[in-house]
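Counting from 1, the numbers follow the sequence of the chain as shown.
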Amino acid sequence: MRIKMPDMKLTKWRKQINCILLFMAIAVTLLEVTSYFYLIDSGDLPPKDSALYVRTHIFFPSVFNYSCLLLNHTIQTKDTVTEVSKNDSMIAATIFLCSVTVWVHYTLISALSVFVLPIVLSAVFVSRKKMHLICAASLVAMSVCAAHSYSLIENDLFLGRNIAVAFFLVLIACLLSNIIMTYIEERKADLISSYQAQLILDRKVKMDPLTNLYNQHTFFKKLEESVKLAEQQDEVFSMAILDIDNFKAINDTYGHSAGNQVLEGLSDLMGMVFSPRREFVARYGGEEFGIIFKGMTSEQAYERIEQLRRHFSDSRLSCIGVIHVTFSGGVAQYRPGEEGSTLFNRADAALYEAKRKGKNQTVTDLVEDGIAVPSGA
């Protein structure tokens with residue numbers, strides 16, 4: 001099972017909040033249209049003032065709100081815009097919508113409390129420093145709207161008190177946002193720490209500690225996956241088994257540290273010669289290695305093994321004392337319908353043939369009368 005990195009992006013949540021902002025704008029528009037017809041029917045809005053009411057309470061606020069939302073939507077859907085800029089755009093759109101709503105409904109003092117929205121959202125979508133700036137910007141916008149209401153409303157004994165209550169609620173939101181952000185930061189740190197611990201554990205389970213290659217269990221799992229993929233997508237792939245020649249003599253003569261040095265050296269060389277995108281390399285056994293060649297025929301896989309042999313022969317690791325270190329290889333190409341174990345056995349038989357013919361060579365499983373024959377030496 002592949003370990004997924006925690007998704008720190010907020011795309012899904014931004015979409016939901018942008019939908020809420022659109023709903024808010026539509027609700028305000030419908031409320032104003034409903035209020036307009038109610039005032040007309042009740043006679044509270046004289047006909048001579050109806051055009052002014054439509055302009056100041058319906059038309060211009062709607063133009064401002066929907067233009068802002070359209071601009072924000074454009075920013076949210078652009079792939080070239082960064083996550084940070086998308087978050088900033090959403091917060092800015094929220095502040096703008098709140099400002100327009102409160103400015104138009106200056107008689108509704110409780111509407112000032114709507115500035116809680118951008119402050120709470122900032123705790124989730126921006127950094128701590130930027131959150132403080134948004135809190136300040138929201139308070140400034142709220143102060144301007146409150147001053148506008150105060151200058152237009154007369155004979156309201158509770159006006160000052162209502163404004164103070166709204167400011168109190170927004171200040172409480174600032175404090176709560178700070179706590180929410182601290183909690184979110186701690187949770188993110190826990191998620192990342194857990195993810196890193198899982199990666200370390202997964203590596204220990206899948207990897208060989210000496211060579212830093214995949215281990216036998218992971219190799220066979222990858223082999224079965226390759227067989228399934230080949231069947232589903234009609235793809236070609238091959239595999240090879242390599243075995244270091246006379247490895248026991250190296251251990252017996254020069255000790256296990258010399259043997260480990262050879263294993264590590266060959267593994268490092270395979271890391272340089274082979275590409276992780278095309279070749280899957282594993283330490284299959286003590287001195288045996290398994291390689292899966294994605295999208296390659298047995299002839300192409302053979303050439304890749306021979307390339308590795310040439311590099312290994314030219315390296316200083318090919319000589320341990322008086323022993324000339326070499327390896328033999330067996331290559332087999334997947335045949336449609338066969339199981340992974342069958343493919344492995346054919347590659348193993350080709351390896352055995354390479355050993356029988358004198359070692360230090362690669363044999364490809366080109367079947368002639370049921371016998372593997374060498375592609376080269």
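- Put simply, the side chain of F167 does not reach to within 4.5 Å of the side chain of V170, judged on heavy atoms.
- S50 places a side-chain N or O within 3.5 Å of a backbone atom of P47 that can act as its donor or acceptor partner.
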Original post:
Step by step, would you call K228 with E231 a salt bridge (charged side-chain N to carboxylate O under 4.0 Å, His left out)?
Top reply: CA-CA 5 Å; K228 285 183 180 179; E231 286 294 322; over 6 Å; no
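- No hydrogens or angles considered: a donor-acceptor pair under 3.5 Å links the side chains of N215 and T218.
- E224 and K221 are not joined by a salt bridge, as no carboxylate oxygen comes within less than 4.0 angstrom of a charged side-chain nitrogen.
- One finds the CG atom of L171 at 5.5 Å from the CG atom of L139 (value rounded to the nearest 0.5 Å).
- When the side chains of ILVMFWY residues are joined at heavy-atom separations under 4.5 Å, either directly or via intervening members, V33 and Y66 end up in two distinct hydrophobic clusters.
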**OP:** Output, in order, the C-alpha distance, side-chain angles, deciding distance and verdict of side-chain contact (heavy atoms from CB on, under 4.5 Å) for D190 and S194.
**Re:** CA-CA 6 Å; D190 289 343; S194 175; over 6 Å; no
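- No donor-acceptor pair closer than 3.5 Å links the side chain of D365 to the backbone N or O of G330.
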**OP:** May I have the step-by-step check of side-chain contact (heavy atoms from CB on, under 4.5 Å) for L69 and L97, ending in yes or no?
**Re:** CA-CA 9 Å; L69 290 174; L97 259 66; 4.0 Å; yes
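- A salt bridge links E353 to R356: one of the charged nitrogens lies within less than 4.0 Å of a carboxylate oxygen.
- Atom CG of D41 has more than 12 heavy atoms from other residues, nucleotides or ligands within 6.0 Å.
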Original post:
Is there a side-chain contact (heavy atoms from CB on, under 4.5 Å) between E288 and L351 once you walk through the steps?
Top reply: CA-CA 10 Å; E288 290 184 318; L351 172 63; 4.0 Å; yes
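- A donor-acceptor pair under 3.5 Å is absent between the side-chain atoms of N246 and the main chain of A249, judged by distance alone.
- With ring centers used as reference points, Y334 lies under 6.0 Å from F237.
- The environment of F220 atom CZ is dense: over 12 non-hydrogen atoms of other residues, nucleotides or ligands sit within 6.0 angstrom.
- A salt bridge is defined here as a Lys NZ or Arg NE, NH1 or NH2 lying under 4.0 Å from an Asp or Glu carboxylate O, and K359 with D245 fails to meet this definition.
- Heavy atoms of other residues, nucleotides or ligands lying less than 6.0 angstrom from OH of Y352 number 12 at most.
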Original post:
Can L117 and L21 be said to form a side-chain contact (heavy atoms from CB on, under 4.5 Å), step by step?
Top reply: CA-CA 10 Å; L117 287 176; L21 293 179; 5.6 Å; no
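- No side-chain N or O of S238 forms a donor-acceptor pair with one of Q300 less than 3.5 Å apart.
- For H132, the NE2 atom sits in a packed shell: over 12 heavy atoms of surrounding residues, nucleotides or ligands are nearer than 6.0 Å.
- Annotation for N18 and Q76: closest pair ND2-CG, 3.5 Å, computed over non-hydrogen atoms.
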Side-chain donor-acceptor contacts of residues 173-181 below 3.5 Å, not counting sequence neighbours, with atom names and distances?
| from | atom 1 | to | atom 2 | distance (Å) |
| --- | --- | --- | --- | --- |
| S177 | OG | I119 | O | 3.1 |
| S177 | OG | A173 | O | 2.7 |
| N178 | OD1 | R128 | NH1 | 2.7 |

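- Other residues, nucleotides and ligands contribute only 12 or fewer heavy atoms inside 6.0 Å of the CZ atom of F168.
- Contact of the I291 side chain with the M270 side chain is registered, since non-hydrogen atoms from C-beta on lie closer than 4.5 Å.
- For the pair N72 (side chain) and C68 (backbone), a donor-acceptor distance under 3.5 Å is absent.
- In plain terms, the two heavy atoms of C145 and S99 that are nearest each other are SG-O, 3.8 Å.
- Heavy-atom contacts from other residues, nucleotides or ligands closer than 6.0 Å to NZ of K294 number 12 or fewer.
- Side-chain atoms of S328 come within 3.5 Å of backbone atoms of N360 as a donor-acceptor pair (strictly under, hydrogens ignored).
- A continuous path of ILVMFWY side-chain contacts below 4.5 Å connects L266 to V273, so both sit in one hydrophobic cluster.
- If you check the side chains of Q307 and R304, you find a donor sitting under 3.5 Å from an acceptor.
- Put simply, the side chain of H73 does not reach to within 4.5 Å of the side chain of L22, judged on heavy atoms.
- Listed for the R346 side chain is a donor-acceptor partner under 3.5 Å among the backbone atoms of Q333.
- Residues F312 and V325 are in side-chain contact: their nearest non-hydrogen atoms beyond the backbone lie under 4.5 Å apart.
- With a 4.5 Å cut-off on side-chain heavy atoms, Y106 and S151 do not count as touching.
- Under the 4.5 Å side-chain heavy-atom criterion for ILVMFWY residues, a single connected hydrophobic cluster contains both V262 and Y254.
- Of all non-hydrogen atoms in T56 and P61, the two that sit nearest each other are O-CG, 3.2 Å.
- The main-chain N or O of G295 is never found under 3.5 Å from a side-chain atom of R278 such that the two would form a donor-acceptor pair.
- Linking ILVMFWY side-chain heavy atoms closer than 4.5 Å, directly or via other members, places V144 and F115 in two distinct hydrophobic clusters.
- Taking the side chain as every heavy atom from C-beta outward, F274 and I305 approach each other to under 4.5 Å.
- Two residues are said to be in side-chain contact when any heavy atoms from C-beta on lie closer than 4.5 Å; S138 and I134 meet this criterion.
- One finds the CD1 atom of I26 at 13.5 Å from the CG atom of L31 (value rounded to the nearest 0.5 Å).
- The minimum heavy-atom distance linking P118 with I91 is given by the pair O-CD1, 4.1 Å.
- Note that CD of Q216 and OH of Y284 are 5.0 Å apart. Values are rounded to the nearest 0.5 Å.
- A 6.0 Å sphere centred on CD of E235 holds more than 12 heavy atoms belonging to other residues, nucleotides or ligands.
- E32 places no side-chain N or O within 3.5 Å of a backbone atom of T29 that could act as its donor or acceptor partner.
- Residues Y214 and V281 do not share a hydrophobic cluster, clusters being chains of Ile/Leu/Val/Met/Phe/Trp/Tyr side chains in contact below 4.5 Å.
- F219 places none of its side-chain heavy atoms less than 4.5 Å from the side chain of L213.
- Of the possible donor and acceptor atoms, none in the side chain of D348 sits under 3.5 Å from a partner among the backbone N and O of F344.
- The local environment of NE2 in H148 is crowded, with over 12 non-hydrogen atoms from other residues, nucleotides or ligands closer than 6.0 Å.
- Among residues at least two apart or in separate chains, there is no salt bridge (Lys or Arg N to Asp or Glu O under 4.0 Å) pair with a member in residues 42-58.
- Here the CG atom belonging to N65 is positioned 7.5 Å from the CE atom belonging to M24, to the nearest 0.5 angstrom.
- For the atom pair CD1 of I109 and CD1 of I163, the computed distance is 5.0 Å after rounding to the nearest 0.5 Å.
- A donor-acceptor pair shorter than 3.5 Å can be found between the side chains of T82 and S85.
- Scanning both residues, F327 and I244, for their nearest heavy atoms gives CB-CA, 3.9 Å.
- Between L223 and G340, the shortest heavy-atom distance links the atoms CD2-O, 3.5 Å.
- Put simply, the side chain of S62 gets close to the backbone of I58: a donor and an acceptor are under 3.5 Å apart.
- Atom-to-atom distance recorded for L121:CG and M90:CE is 5.0 Å, nearest 0.5 angstrom.
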